[in-house]
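In each ligand, atom 1 is the first atom listed, and ligand 1 is the first ligand listed.
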Amino acid sequence: MIRVLGIETSCDETAASVVALDGGSAPEILSPKILSNVVLSQIEEHAAFGGVVPEIAARAHVEALDGIVEAALADSSVSLDEVDAIAATAGPGLVGGLIVGLMTAKAIAAAANKPLIAINHLEGHALTARLTDGLDFPYLLLLVSGGHTQIVAVRGVGDYQRWATTIDDALGEAFDKTAKMLGLPYPGGPNVEKAAAKGDASRFAFPRPMKGSAQPDFSFSGLKTAVRQAATAIAPLSDQDVADICASFQAAVADALGDRVGRALARFRQEFPDQAKPALVVAGGVAANRTIKATLEALCAQTGFAFVAPPQKLCTDNAAMIAWAGIERLRAGIADENSADFVPRSRWPLDSVSAPMVGSGRRGAKA
Ligand code: KG4
Ligand code: ZN
């Protein structure tokens, strides 16, 4: 039995969790258990500012983290003595929050005489589908959150290849900025989706950024500009205008995303021809959007891919995915690669080989 305490503080959630893996008689069959999963969202503290304010986030983590870790241990009925390691997010993210989480984890690890495993937040997202669905490698991951928009080929633990990223805004950021422009409250994504449900998606012909391009990446800033121009042209906006803009924006996003992901699925087929039933996994807050989900599901059905969407609370930021990444690293024998002397990295690409790109691996840019 492996048990790991995970800690996550890279953005605006303070989270701790204990995850266990029973080695049992068939260690090749994953049967992990989330023994506790405590997430404290700071959304209300940031709402007035229309985005995450790094200084407020760091202070809130300081105030909450001790209690959240205690609650996660209490919920799991596992004592600190019984855990095998402490795993904490060490990047990418807002550096103030990362320092709070990683230093707390180091202190706990030192006091309890346990190993510390520094985890890349993106690796947490990338491996979640193995925690929830026991997925085998390789698979394709679409990560769409407020800070990231990436397609990653997940080939093994510690073996990731980024196939696409955004060249400007993250998709969640595009939703949030669109909401702000239209006077909808933060966080924008769910409110844009709600307004869109009453709107006419064909009223505005917004651009589908990168659609048809041979370059694999995403772009959303042109779409944002088109939304601003349309809104300015018909201001003042009625509720129906707002709904129509939201519906048209969402349709453009879904269409553009479908095009980009479609390319990646074709590449996956080419690179992994032996996979009988390849899988597309989605993660990140934007994956909650029903129009986007339906587009991706249809695409997977057409192309013979399994569509894997872990439960929403494990798709958004949480510490169970960090604890799980720690367990995966222990099992793979690479837990000491990033250990007690690791310092927080606000930028930390999952795939060190792909060229860095402005706008990728960026978090907290929402404010
Ligand atoms: O993964 P997440 O909870 O936090 C990080 O950014 O790491 O993602 C939050 C993002 C926000 O930009 C939010 O507006 C967006 O996900 N989001 C949505 C929806 N729910 C959340 N975007 C579109 N439609 C939604 N239903
Ligand atoms: Zn995240």
Side-chain angles (χ1 to χ4, degrees), residues 6-15 39-43 46-47 49-52 54 57 89-94 97-98 101 119-128 141-150 152 166 169-182 184-197 199 220 223-224 246-247 249-254 256-257 281-296 309-322 324-325 346 348 350 359-367:
I7 291 177
E8 159 63 39
T9 55
S10 67
C11 193
D12 57 347
E13 276 89 18
T14 313
V39 181
L40 178 71
S41 167
Q42 303 172 0
I43 279 187
H46 301 285
F49 304 94
V52 178
T89 302
L94 298 174
L98 294 172
I119 300 291
N120 184 313
H121 178 86
L122 302 173
E123 178 169 65
H125 282 303
L127 298 176
T128 298
L141 171 78
L142 171 69
L143 173 60
V144 275
S145 71
H148 303 284
T149 304
Q150 304 192 352
V152 177
T166 176
D169 294 346
L171 183 52
E173 204 182 344
F175 268 95
D176 293 338
K177 286 179 177 170
T178 295
K180 206 169 177 178
M181 259 188 271
L182 301 175
L184 297 172
Y186 175 83
N191 291 305
V192 169
E193 179 171 17
K194 211 162 124 196
F220 297 106
L223 176 57
K224 183 183 65 191
C246 286
F249 165 80
Q250 205 172 253
V253 163
L257 210 56
V281 177
V282 289
V286 184
N289 186 286
R290 271 157 294 196
T291 303
I292 290 175
K293 226 180 201 167
T295 303
L296 297 174
Q312 196 56 23
K313 74 174 206 242
L314 295 173
C315 266
T316 55
D317 290 351
N318 66 86
M321 69 178 187
I322 303 304
W324 174 246
S346 58
W348 184 6
L350 196 50
S360 71
R362 177 176 62 174
R363 308 199 77 209
K366 293 181 273 186

[X]-ligand 1 polar pair, N/O distance under 3.5 Å:
X: Cys315; answer: no
X: His121; answer: no
X: Phe175; answer: no

Element-labelled atoms of ligand 1 that are located less than 4.0 Å from some non-hydrogen atom of Asp176: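 Every atom of ligand 1 under 4.0 Å from some heavy atom of Asp176: 11 (C), 12 (O), 13 (C), 14 (O).
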Ligand 1 atoms in contact with Gly172 (distance to a heavy atom under 4.0 Å):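 So the atoms of ligand 1 that pass are 12 (O).
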Nearest atoms (heavy-atom pairs only) where [X] meets [Y]:
X: Cys246; Y: Leu182; result: SG-CD1, 3.6 Å
X: His125; Y: Ala283; result: ND1-CB, 4.1 Å
X: Thr9; Y: Gly97; result: OG1-O, 2.7 Å

Backbone or side-chain N/O/S of His148 under 2.8 Å of the Zn ion (ligand 2): no
N/O/S from His125 sitting under 2.8 Å away from the Zn ion (ligand 2): yes
Side-chain heavy atoms of Leu122 within contact of Pro92, under 4.5 Å: yes
Donor-acceptor pair, side chain of Asp169 and main chain of Phe220, under 3.5 angstrom: no
Min heavy-atom dist Cys11 to ligand 1 below 4.0 Å: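 No.
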For the Zn ion (ligand 2): the N/O/S atom of Asp317 at shortest distance: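 Output for this pair reads OD1.
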